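Here the structure comes first, spelled out in structure tokens, and everything after it is commentary.
Here, residue 1 is the first one in the sequence, and each next residue gets the next number. In this text the structure is predicted, and so the values were computed from the model without any measurement.
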Amino acid sequence: MLVNNAGMASTAPLLNSDVADMSKIISLNVEALTRLTYAVVPAFVKRGSGTIINIGSAVGVAPELLNGVYGGTKAFVLAFSQSLRHELANKGVTIQVVLPGATATDLWNKAGTPVEHLPQEIVMTADDMVNAALAGLDQGEFVTLPALADAGQWQAYEAARRAMMPNLSRSEPAARYGTVRAAA
């Protein structure tokens with residue numbers, strides 16, 4: 001089993017962020033996660049079993065809630081996990097991505113906003129988040145959103161995303177743009 005849980009964050013907006021600090025966030029949240037995954041996948045596939053749990057964040061689907069670089073890295077974690085799940089289907093490797101909301105960890109202090117400054121009704125304990133993640137894994141969830149009470153909301157989001165897939169690449173611009181097709 002691989003649990004990709006390392007991460008860095010920032011709560012500072014773009015105009016107040018240091019680009020070198022943002023590069024460090026990208027390096028840890030994207031590069032390290034990718035390298036660790038590539039290090040274990042061949043062995044998991046060879047033996048026909050293994051589990052990868054990628055800890056993302058709810059800001060992976062709602063990046064406007066925090067720093068955009070952090071949200072972007074967590075969107076990568078979700079997208080990478082979706083691709084892994086597709087690519088490794090029928091190879092015995094289980095993929096789970098966990099998208100917690102605010103969790104009571106040191107991440108917040110290091111990110112610039114102490115967890116004590118957040119509305120406490122949105123902050124989950126680390127133990128509760130981990131218990132929900134493991135329960136989601138036991139239930140066979142691919143995406144686990146520990147705070148989301150109505151799983152149907154995620155299912156509707158995913159259904160809408162999948163419904164667009166056949167229309168994301170076409171030989172002509174959509175009629176709604178009112179453009180004329182270029183001559184060949």
Side-chain angles (χ1 to χ4, degrees), residues 1-12 17-63 65-112 115 124-148 154 157-158 161-162 165 168:
M1 175 181 279
L2 170 65
V3 179
N4 277 315
N5 186 41
M8 290 175 60
S10 175
T11 58
S17 298
D18 177 71
V19 71
D21 290 340
M22 298 302 102
S23 291
K24 291 176 188 173
I25 291 172
I26 294 166
S27 180
L28 182 60
N29 295 2
V30 174
E31 180 75 17
L33 179 136
T34 302
R35 287 179 165 278
L36 288 168
T37 301
Y38 272 80
V40 302
V41 165
F44 286 1
V45 169
K46 185 176 181 180
R47 82 168 170 247
S49 68
T51 300
I52 298 171
I53 301 173
N54 289 327
I55 306 298
S57 171
V59 299
V61 293
L65 296 178
L66 280 178
N67 174 281
V69 170
Y70 177 69
T73 66
K74 294 307 180 174
F76 170 84
V77 173
L78 175 59
F80 185 59
S81 298
Q82 288 167 317
S83 180
L84 282 173
R85 181 181 187 216
H86 175 76
E87 187 177 329
L88 300 175
N90 304 314
K91 299 211 183 299
V93 181
T94 299
I95 308 294
Q96 180 195 33
V97 60
V98 182
L99 306 178
T103 306
T105 67
D106 285 346
L107 178 99
W108 289 96
N109 289 338
K110 295 174 184 173
V115 72
M124 187 176 291
T125 68
D127 286 344
D128 286 345
M129 191 281 290
V130 169
N131 288 337
L134 293 174
L137 182 66
D138 287 345
Q139 293 171 22
E141 287 185 344
F142 165 60
V143 174
T144 298
L145 288 133
L148 187 64
W154 176 260
Y157 176 89
E158 181 64 10
R161 185 185 75 82
R162 287 181 178 268
M165 287 174 77
L168 295 176

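Within the 4.5 Å cutoff, no side-chain heavy atoms of N29 are placed close to those of F76. Contact check for K91 versus F44: no side-chain heavy atoms found under the 4.5 Å cut-off. Annotation: side chain of V97 is not in contact with side chain of L84 (no heavy-atom distance under 4.5 Å). Between V115 and T105 the shortest side-chain heavy-atom distance does not fall below 4.5 Å. Side chains of M124 and P146 form a contact here, defined as non-hydrogen atoms less than 4.5 Å apart. Side chains of M129 and V98 form a contact here, defined as non-hydrogen atoms less than 4.5 Å apart. Annotation: side chain of L2 is in contact with side chain of T37 (closest heavy-atom distance under 4.5 Å). In this structure, the side chains of V61 and R161 stay at 4.5 Å or more apart for every pair of heavy atoms.
Counting only residues at least two apart or on different chains, the salt bridge (charged side-chain N to carboxylate O under 4.0 Å, His left out) pairs with a member in residues 27-36 are E31-R35.
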What verdict does the side chain to side chain contact (heavy atoms under 4.5 Å, CB included) test give for V41 and E87, after you've listed the backbone C-alpha separation in whole Å, the side-chain angles of each residue and the deciding distance to 0.1 Å? CA-CA 11 Å; V41 165; E87 187 177 329; over 6 Å; no
Going through the distances and angles, do V143 and Y157 end up as a side chain to side chain contact (heavy atoms under 4.5 Å, CB included)? CA-CA 12 Å; V143 174; Y157 176 89; over 6 Å; no
I26 and V69: CA distance, side-chain angles, deciding distance, side chain to side chain contact (heavy atoms under 4.5 Å, CB included) verdict: CA-CA 7 Å; I26 294 166; V69 170; 3.8 Å; yes
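No donor-acceptor distance shorter than 3.5 angstrom exists from the side chain of T103 to the backbone of A126, with no hydrogens or angles considered. Put simply, the side chain of S83 never gets that close to the backbone of A79: no donor and acceptor are under 3.5 Å apart. Between the side chain of T11 and the main chain of A111, a donor-acceptor pair closer than 3.5 Å is present. Between the side chain of S23 and the backbone N or O of V19 there is at least one donor-acceptor pair closer than 3.5 Å.
The heavy-atom pair separating P63 from G71 by the smallest distance is CB-CA, 4.2 Å.
D21 and S10 share no side-chain donor-acceptor pair at under 3.5 Å.
Note that CE of M1 is 8.5 Å distant from CD of Q96, once rounded to the nearest 0.5 Å. Atoms OH and CG, from Y70 and L65 in turn, are 11.5 Å apart once rounded to the nearest 0.5 Å. With rounding to the nearest 0.5 angstrom, the CE atom of M22 is 5.0 Å from the CG atom of N67. Annotation: the span from T73 atom OG1 to L28 atom CG amounts to 9.0 Å, rounded to 0.5 Å. Taking OG of S57 as the reference point, atom CG of L107 lies at 8.5 Å (rounded to 0.5 Å).
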Under 3.5 Å, which donor-acceptor pairs do the side chains of residues 48-56 form with other protein atoms, sequence neighbours left out?
unit_1 : atom_1 : unit_2 : atom_2 : d
S49    : OG     : R47    : NE     : 3.4
N54    : OD1    : N4     : ND2    : 2.8
N54    : ND2    : S81    : OG     : 2.9

